[in-house]
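Here the structure comes first, spelled out in structure tokens, and everything after it is commentary.
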Amino acid sequence: MGVVGRNCSYILFMLHQHPSNRRAIQQVHCQLLVRNDLRLLRVWNFILRQYALCVFPQEAVSLFKQQCSQVGFFFDSFTYSFLIKASANLTQFGLGKQVHCLSNKAGFHDNGYVQTALVDMYMKCGCLVDAQKVFDEMPKRNSVTWNALLTGFIRWGDLVSAQSVFDRMPGKNVVSWTGLLDGYTRMNRFHEAFSLFQRMFLFQGIRPSEVTLLAIFPAIWNLRDVGFCQLVHAYGEKSGYNASDVRVMNCLLDAYAKCGSIGCALRVFEEILDERKNLVTWTSIISGFAMHGMAEEASKSFRKMQSTGLTPNRVTFLSVINACSHGGLVDEGLEFFKKMVNEYAIIPDIKHYGSLIDMLGRAGRLEEAEKIAKEIPDDIGNVVVWRVLLGACSFHGNVEMGERVTSKIMKMEKEYGGDYILLSNIFAGVGRYADSERVRRRMDRKNAAKVTGLSFF
DNA sequence: TTAGGGTTAG
């Protein structure tokens, strides 16, 4: 730009001195064209990037088509990178393939940025073979290319390929370690995730990033490791992530709650400055209270959150209804449900219904629970909520409803033997041993074996 | 101005 500018000034000077010099005019024209194109391309690319990265990747494609119609317009590696990114964000494999061909034709088949963006795009679109092919054909790869391949395999649950990429890649960095570690936590292999974390930090001396911390949290709370919570807490404090990234703090408070330390969770919550608390922060603490049966605190937090101007979402409502359910605040739980539907126009999903039925069932308000179960739209209807109701019938010894609910469950799913056993237990509980036996025999005839208890809530 | 990493429902 500086050189072009200086050349132009010089030629303009010459032009003033020799107005009839045709060659000088041509040179200026040429330079201005070049300069204009470059400037224009930068502007186009900038807009393309904004579209590609934001919520309107389709706009990036329209813009590119518009550019294509301009005669003599050329594109650089930035243009193609952004466009490939847009295709990835749209998960449009066909579009990505077209851009791939165009970029190759334009001579970017050996450009590291463009080719890496292609690996990433194919991976995001689920075209693992195409991604691998682009990767294999690249003359030179860097750590970003390797990481794009590695994280792509993780995205599709192919831990074996990801591990193989990790083992082969030179210059593993924090993204590579975090990617693999995340893969292990996703596959519920928490001990291996922990061991990777330790190898990375202690033996390789690579400092975990905020993303590493976010990735290791599921391992922490699945293994109920409060000690590790404290370690991450201290590290987050020292590294500055606690102050800079509210997501880390949200995860930390959630992990403390899930590990059974609601006191520590509350301390983390209070450590977060009020202006930094977001909807997830509030939802996490409400959910924490729910886990510990602290319905009053959950309800109070909900109202406090509303007073800060934040709008609750379906997760917030589920958490507060769960809290009411576990803490026995039945009417308040019903009020929250009504508020969610009427004031916030949130359509309840099966988990909201399940929580509500569980809450009413625990309180022995079985008729209301049954009424709600019947109101669940067929398209989201789930046999699990009826089993929750059956469990409540069993607990409260309601034979009539127990029979009704069982036949409903039988209609929905005939193979589950556990329901026969529950009904049989209901009969036995009120002394109707003949009926109890009859149900057991029916179960045997249908050869439906009882499976281990499983909850979806 | 370009490439890589999952905060809340237990």
Side-chain angles (χ1 to χ4, degrees), chain A residues 38 41-50 52-53 75-85 88 108 111-121 123-124 138 141-152 154-155 162 165 169 172-183 185-186 208-218 221-222 224 241 245-255 257-260 272 277-288 290-292 305 312-323 326 349-352 354-355 455-457:
Chain A
L38 277 175
L41 187 60
R42 282 185 66 148
V43 173
W44 279 118
N45 282 345
F46 180 77
I47 302 170
L48 208 60
R49 177 178 183 269
Q50 298 306 312
L53 298 178
F75 307 111
D76 59 7
S77 61
F78 290 79
T79 319
Y80 287 106
S81 298
F82 297 143
L83 204 60
I84 294 164
K85 186 97 185 163
F108 293 107
N111 181 286
Y113 288 104
V114 172
Q115 298 301 306
T116 302
L118 282 170
V119 172
D120 179 56
M121 182 274 295
M123 274 299 189
K124 283 190 175 135
M138 277 176 78
R141 308 167 190 111
N142 60 25
S143 62
V144 181
T145 323
W146 282 94
N147 287 337
L149 194 71
L150 189 152
T151 53
I154 295 293
R155 176 185 293 267
V165 171
M169 75 179 285
K172 304 173 193 28
N173 60 15
V174 66
V175 178
S176 333
W177 285 91
T178 304
L180 192 64
L181 182 153
D182 176 47
T185 55
R186 283 185 202 213
S209 71
E210 60 273 44
V211 184
T212 320
L213 299 189
L214 295 175
I216 197 71
F217 275 113
W221 51 259
N222 269 291
R224 304 278 184 269
Y241 294 140
D245 197 329
V246 73
R247 296 176 309 170
V248 173
M249 289 295 261
N250 290 345
C251 272
L252 190 61
L253 92 81
D254 175 61
K258 283 173 175 159
C259 292
I272 305 172
K277 288 187 177 93
N278 63 17
L279 185 60
V280 178
T281 319
W282 286 97
T283 304
S284 301
I285 195 68
I286 291 169
S287 154
M291 284 171 222
H292 292 81
M305 181 203 73
N313 66 10
R314 55 179 56 251
V315 184
T316 324
F317 273 109
L318 181 62
S319 302
V320 78
I321 294 168
N322 272 339
H326 297 160
D349 62 35
I350 195 67
K351 287 184 180 175
H352 296 103
S355 181
S455 169
F456 291 110
F457 301 110

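The chains referred to below are lettered A, B, ... by the order of the sequence lines, with proteins before strands, and numbering in each begins at 1. All values below were derived from every heavy atom in this structure, side-chain atoms included, with hydrogens, water molecules and symmetry-related copies excluded. Predicted model, so just to flag it, every value in this text is computed and none were measured.
The aromatic rings of A/Phe108 and A/Tyr80 are tilted relative to each other, their planes meeting at an angle between 30° and 60°.
Side-chain proximity of A/Leu318 to B/dA9, B/dT8, B/dT1: nearest is B/dA9. Proximity note for A/Lys85 (side chain, C-beta onward) versus B/dG5, B/dG10, B/dA3: the nearest is B/dA3. Listed nucleotides: B/dT8, B/dG5, B/dG6. Nearest to the side chain of A/Val280: B/dT8. Of the listed nucleotides (B/dG5, B/dT8, B/dT7), B/dG5 has the atom at the smallest distance from the side chain of A/Arg155. Distance from the side chain of A/Thr151 is smallest for B/dG5 among the nucleotides B/dG5, B/dT8, B/dG6. Closest contact between the side chain of A/Thr116 and the listed nucleotides B/dA3, B/dG5, B/dT7 involves B/dA3. Checking B/dG5, B/dT8, B/dT1 against every side-chain atom of A/Asp76, the shortest atom distance belongs to B/dT1. The side chain of A/Arg49 sits closest to B/dT2 out of B/dT2, B/dT7, B/dA9. The side chain of A/Arg186 lies closest to B/dG6 when the candidates are B/dG6, B/dT7, B/dA9. Nearest nucleotide to the side chain of A/Ser77, out of B/dT7, B/dA9, B/dT2: B/dT2.
Taking the side chain to side chain contact (heavy atoms under 4.5 Å, CB included) definition, one finds that A/Arg141 meets it with A/Phe135, A/Met138, A/Thr145, A/Trp146, sequence neighbours left out. Every side chain to side chain contact (heavy atoms under 4.5 Å, CB included) that A/Thr316 has, sequence neighbours left out, goes to A/Leu279, A/Thr283, A/Ile286, A/Phe302, A/Met305, A/Pro312, A/Asn313.
Of all heavy-atom pairs between A/Leu150 and A/Gly179, the closest is CD2-C, 4.0 Å.
Residue contacts for A/Val174: at a heavy-atom cut-off of 4.0 Å it reaches a base atom on one of the strands shown. Counting any heavy atom pair closer than 4.0 Å across all strands shown, A/Ser287 reaches sugar-phosphate atoms only and no base atom. Note on A/Asn45: a base of the nucleic acid sits closer than 4.0 angstrom, heavy atoms only. Here A/Asn111 lies out of heavy-atom contact (under 4.0 Å) with every strand. Within 4.0 Å of A/Trp282, counting heavy atoms only, lies no atom of the nucleic acid at all. Within 4.0 Å of A/Thr316, counting heavy atoms only, lies no atom of the nucleic acid at all.
Contact check, A/Arg314 against B/dA9: no side-chain N or O comes under 4.0 Å of OP1 or OP2. The phosphate of B/dT1 has neither OP1 nor OP2 within less than 4.0 Å of any side-chain N or O from A/Arg42. In this model, the phosphate group of B/dG10 is approached by a side-chain N or O of A/Asn322 to a distance below 4.0 Å at OP1 or OP2. At B/dG10, none of the side-chain N or O atoms of A/Lys351 fall inside 4.0 Å of OP1 or OP2 (strictly under the cut-off).
Between the CE atom of A/Met123 and the P atom of B/dG6 there is a distance of 14 Å, rounded to whole Å. Separating the OH atom of A/Tyr113 from the P atom of B/dT2 is a distance of 9 Å, rounded to the nearest angstrom. Between the CG atom of A/Leu181 and the P atom of B/dG6 there is a distance of 11 Å, rounded to whole Å. Atom CZ of A/Phe217 is separated from atom P of B/dG10 by 19 Å (rounded to the nearest Å). Taking atom CG on A/Asn142 and atom P on B/dG5, their separation rounds to 14 Å, with Å as the unit. Taking atom CZ of residue A/Arg247 and atom C1' of nucleotide B/dG6, one finds them 9 Å apart after rounding to whole Å. We find that CH2 of A/Trp221 is positioned 12 Å from C1' of B/dT7, with the value rounded to whole Å. When rounded to the nearest whole Å, the span between CD1 of A/Ile285 and C1' of B/dA9 equals 15 Å.
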Quick one: do A/Arg247 and A/Asp245 satisfy salt bridge (charged side-chain N to carboxylate O under 4.0 Å, His left out)? Show the steps, please. CA-CA 5 Å; A/Arg247 296 176 309 170; A/Asp245 197 329; 3.0 Å; yes
Between A/Ser355 and A/Asn322, is the side chain to side chain donor-acceptor pair (under 3.5 Å) condition met? List the steps. CA-CA 6 Å; A/Ser355 181; A/Asn322 272 339; 2.7 Å; yes
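A side-chain donor-acceptor contact under 3.5 Å links A/Asn222 to the backbone of A/Pro218.
Between the base of B/dT2 and the side chain of A/Ser81 there is a donor-acceptor pair shorter than 3.5 Å.
A stacking contact between A/Phe82 and B/dT1 is absent: the pair does not combine a ring-centre distance of less than 5.5 Å to the base's six-membered ring with planes differing by less than 30°.
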